J.: 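Before we start, here is the structure in question, set down as structure tokens.
This one's a predicted model, so the numbers in the text were calculated from it and none came from an experiment. Just so we're on the same page: letters track the sequence lines, and every chain starts at 1.
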2 protein chains.
Amino acid sequence: MRHRLKDVAERAGVSVKTVSNVVNGYLHVRPDTRARVEEAIAELNYRPNLSARNLRKGRTGVIALAVPELDIPYFAELARHVVTAAAAHGWTVLIDQTGGGPEQERKVASGIGDHMIDGLIFSPLALTADDLAGLDGMPMVLLGERVDHGPADHVVVDNVAAAQEITAHLIGLGRRRIAAIGSQRTPEGASARLRLAGYTAALDEAGIGYDEKLVAPAPAWHRADGAAAMRHLLAAGVRPDAVFCFNDTLALGALRALHEADLRVPEDVAVAGFDDIEDGRFSIPTLTTVAPDKERIARLAVELLAGRLDGDRDAPPRELTAPHRLATRESTTGRP
Amino acid sequence: MRHRLKDVAERAGVSVKTVSNVVNGYLHVRPDTRARVEEAIAELNYRPNLSARNLRKGRTGVIALAVPELDIPYFAELARHVVTAAAAHGWTVLIDQTGGGPEQERKVASGIGDHMIDGLIFSPLALTADDLAGLDGMPMVLLGERVDHGPADHVVVDNVAAAQEITAHLIGLGRRRIAAIGSQRTPEGASARLRLAGYTAALDEAGIGYDEKLVAPAPAWHRADGAAAMRHLLAAGVRPDAVFCFNDTLALGALRALHEADLRVPEDVAVAGFDDIEDGRFSIPTLTTVAPDKERIARLAVELLAGRLDGDRDAPPRELTAPHRLATRESTTGRP
DNA sequence: CCTGGTTTCTACAACGTTGTAAGCAACGTT
DNA sequence: AACGTTGCTTACAACGTTGTAGAAACCAGG
């Protein structure tokens, strides 16, 4: 059975508001009154009705995190960090899976703002600035690529620089025929475009010509796509001496395909990924990758959101860049 | 700017309740009235205030899924299925990370029921029946091991049978010195106990003696723990010809440790896991494992919960068993 | 004992929604 | 013309909470 302030008040012989004051830690309550109320609360196992509180206060204490897919390790790890960072602000996180499709993302963007939620951290794939317009001033922070000059705050990693660095790392190992896996031409492929740009920039800098045949598309960025793309490259007679995969799951798939083709990593082909997911530290071989500071991304996002909620909602949008580093492991440098 | 029923009503020249009726699809509204209201709704971009609706209706349309850790692939995959299954009932899923500790789980169990949530799907590690008492009749479904005869519905897999089957599979390959990784003595280790029981049952059945030295504990069930346990076994001079790891991440860690010790899988040591996570289909070698039907687990859980919500809340608790199968892959049978 | 200030408590209204009950038309039937 | 029926609409109250404003109790200083 559920009890209300009123029940507690009757039992303690005080007014409803006094109970409310005790619950909310209001200062001026006589110690004996407070004790009586607390006793009644305990006896009835009273817990406040958050719907009512939210209605009254206009705040819910819940923020949403919308990601394309929860069982992509990168997003799962990110989610963990966001939950932790949000907890520090006393927030509960409602995690929403968009599926990554334009339609579903639009629905999340427009539909979630039904007063259930104070703010939104959104990791979009397909969203455009227009879609954001529907949000009606819902405080929001976007992760990843900027949605072309939309009105929202952003937390990004420098994809171009990171991709360039890791490609340069491969070049530095003496590799010259460097394949890239994960290119995408759809509008959802913003990350793909930036990482491809970094890849070509590194080739340019080293005076290596861009060879279209070395660039393999991947419809999604799952292990299966990485394996398929790698098999496809090999079947087409392309013999790269290195592969830069646009994320780690693609890379793990590529590792698998290379293994099946009896090619050694890194001796025959060096492999690098992007994201630094847990799997890559235990794969065989362990995976060289770009390690974005996920903890920082999460913290920055939550802090940006907190700024919006507490402060000026109409301040100009800010963009923060989270740091990244190169994690070199066996898939490029071999076993020590 | 946010609008209310009242604003829409004024704009459309009708009463608040009529707008409410339109929003809720009430039948008896004249077509032209409905059109006027809908126009006003569109113009103002009205969206209902869920806090108010929830307060009025006593239902929130949100259920919680509480799991120990989101970035354990098994739980992430499960979460995806639960979200999908819940969507079919029109529910939003609030995902909660308990961290798996007794303290935190108890907090979730007692604290989440603050009227924010209609029901709870809980995958506990450390929870006891006492902890559940605090829930005050919050409809709940537990996943995994039964919390000793608590009052809640359960969805389980037959851990003992599954562990026995996969151990028998290893025995069937001619292996005799079969190690087990993942045993736990803490109260949280209910799964560990059951899987260990299945393991010993299979040994018994085959007339193989139980050797304590072959059983390695693992404080948690992460890759790092699996690798550490495997290294520990090898360092202790134990030379198993097979390893049954109590989940897949342990197994992936064990694969890694075996690789570092230059042991071949499955030639020298066959390796089997439990959970059938995505990683195991692409690891090198691919991982033989017990594949619980996660989609079914999620669906059953959601349906049990739906039954509680719509039906008799005081019906006796039910326990449903989700099917599992054996997925034999390279880590035991080698490359084809 | 009064004054003014502080502490402690309370009554009331409001947050935005929907269920209830009732009102008002318009209709067909007697 | 009176009636019941049906379709459409509305006023009101209530869900459980908290902010506001003010009342009551208390205290210290004259």
J.: How long is the span from the CD1 atom in B/Ile95 to the OG1 atom in A/Thr92, to the nearest 0.5 Å?
T.: 13.0 Å
J.: OP1 or OP2 of D/dT9 versus the side-chain N and O atoms of B/Ser15: is any pair under 4.0 Å?
T.: no
J.: What is the distance, rounded to the nearest whole Å, between atom CG of B/Asp32 and atom C1' of D/dT9?
T.: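 Taking CG of B/Asp32 and C1' of D/dT9, I get 12 Å after rounding.
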J.: Ignoring hydrogens and angles, tell me if any N or O in the side chain of A/Asn24 forms a donor-acceptor pair with the backbone of A/Tyr26 under 3.5 Å.
T.: no
J.: If only side-chain N and O atoms count, and only distance matters, is there a donor-acceptor pair under 3.5 Å linking A/Glu69 with A/His222?
T.: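 There is such a pair between these side chains.
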J.: Which is more 5' along DNA chain C, the nucleotide nearest B/Ala52 or the one nearest A/Thr33? Just name the residue.
T.: A/Thr33
J.: Going 5' to 3' through nucleotides 18-24 of chain C, assign each nucleotide B (protein heavy atom under 4.0 Å from a base atom), S (under 4.0 Å only from sugar-phosphate atoms) or - (no protein heavy atom that close).
T.: BBB----
J.: Looking at B/Pro48, is its backbone amide N or carbonyl O close enough to the side chain of B/Arg4 to form a donor-acceptor pair, meaning the two atoms are under 3.5 Å apart?
T.: no
J.: Without swapping roles, check the side chain of A/Asp118 against the backbone of A/Thr60 for a donor-acceptor pair under 3.5 Å.
T.: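 A pair under 3.5 Å: yes.
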J.: Could you give the distance from CG (B/Asp153) to CG (B/Leu142), rounded to the nearest 0.5 Å?
T.: 8.5 Å
J.: Figure out the CZ/P separation between A/Arg4 and D/dC15, and round it to whole Å.
T.: 7 Å
J.: What is the separation between atom CZ on A/Arg30 and atom P on D/dC26, rounded to the nearest whole Å?
T.: 7 Å
J.: Which listed nucleotide (C/dT10, D/dT9, D/dT10) is nearest to the side chain of B/Val14?
T.: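 Of all the options, the side chain of B/Val14 is nearest to D/dT10.
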J.: Provide, to the nearest angstrom, the distance between the CZ atom belonging to A/Arg47 and the P atom belonging to D/dT17.
T.: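 Taking atom P of D/dT17 as the reference, CZ of A/Arg47 is at 12 Å.
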J.: A/Leu55 CG to D/dA14 C1': how many Å, rounded?
T.: 12 Å
J.: If I take atom NZ in residue B/Lys6 and atom P in nucleotide D/dC12, what distance separates them, rounded to the nearest angstrom?
T.: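 Going from B/Lys6 (NZ) to D/dC12 (P), I get 14 Å.
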J.: Rounded to whole Å, please give me the gap between CG in A/Asn54 and P in C/dT17.
T.: 14 Å
J.: Can you tell me the base-pairing partner of C/dT30? Count Watson-Crick or G-U wobble geometry only, both distances below 3.5 Å, and say none if there is no partner.
T.: D/dA1
J.: If I take atom CD in residue B/Glu10 and atom P in nucleotide C/dG16, what distance separates them, rounded to the nearest angstrom?
T.: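 Computing the B/Glu10:CD to C/dG16:P distance gives 13 Å.
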J.: Would you tell me whether B/Glu303 and B/His89 have side-chain atoms, one donor and one acceptor, within less than 3.5 Å of each other?
T.: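 Note: B/Glu303 and B/His89 side chains miss the donor-acceptor criterion.
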